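All values reported here derive from a predicted model rather than from experimental measurement.
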Amino acid sequence: MLYKNADKVFPKYLVEELQTYFDGGYIYIPAKKEKHRRWGECSGYRQEIDERNRCIKEAFRNGKSIHQLADQYALSISAIQKVIYKKEKKDE
């Protein structure tokens with residue numbers, strides 16, 4: 001999350017108006033819906049996790065046990081089970 005000083009971003013009248021509602025603290029301003037990104041999209045980490053999960057599913061289909069996969073990927077058994085049994089969304 002990116003923090004900026006309101007005095008540097010907004011005109012003085014707007015800062016003063018905001019201060020009538022909330023004086024001295026942090027305010028989260030969400031991105032517009034059309035600019036919203038899923039977790040990890042910007043950093044590329046989401047792609048890494050998706051690829052790891054694809055490999056886990058493939059290894060399971062090819063005969064590796066859940067315990068072996070948990071050891072190999074340093075994940076809990078329940079985390080491996082969630083990856084294996086998660087239903088794919090149609091829109092992804």
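- Between atom CD1 of residue Ile80 and atom CD1 of residue Ile56 there is a gap of 4.0 Å, rounded to the nearest 0.5 Å.
- The hydrophobic cluster containing Ile29 also contains Tyr13, counting ILVMFWY residues as joined when their side-chain heavy atoms lie under 4.5 angstrom apart, directly or transitively.
- Looking at every heavy atom in both residues, Asn5 comes nearest to Asp7 through OD1-N, 2.9 Å.
- No donor-acceptor distance shorter than 3.5 angstrom exists from the side chain of Glu51 to the backbone of Glu48, with no hydrogens or angles considered.
- Proximity of Arg52 to Leu75: side-chain heavy atoms (C-beta onward) are separated by under 4.5 Å at one or more points.
- Closest approach of Lys86 and Lys57 over heavy atoms only: O-NZ, 3.7 Å.
- Applying the ring-ring contact (aromatic ring centres under 6.0 Å, His included) rule to pairs touching residues 43-68 yields Trp39-Tyr45, sequence neighbours excluded.
- Atom CD of Gln72 sits in a crowded spot, with more than 12 heavy atoms from other residues, nucleotides or ligands closer than 6.0 Å.
- Salt-bridge check for Arg54 with Asp50: failed, with every basic side-chain N at 4.0 Å or more from each acidic carboxylate O.
- Residues Leu69 and Lys64 approach most closely at CD2-CD, 3.9 Å, considering heavy atoms.
- Using a distance-only test at 3.5 Å, with no hydrogens or angles considered, no donor-acceptor pair links the side chain of Asp23 to the main chain of Gln19.
- Surrounding OH of Tyr26 are at most 12 heavy atoms belonging to other residues, nucleotides or ligands under 6.0 Å away.
- Atom-to-atom distance recorded for Ile66:CD1 and Ser78:OG is 10.5 Å, nearest 0.5 angstrom.
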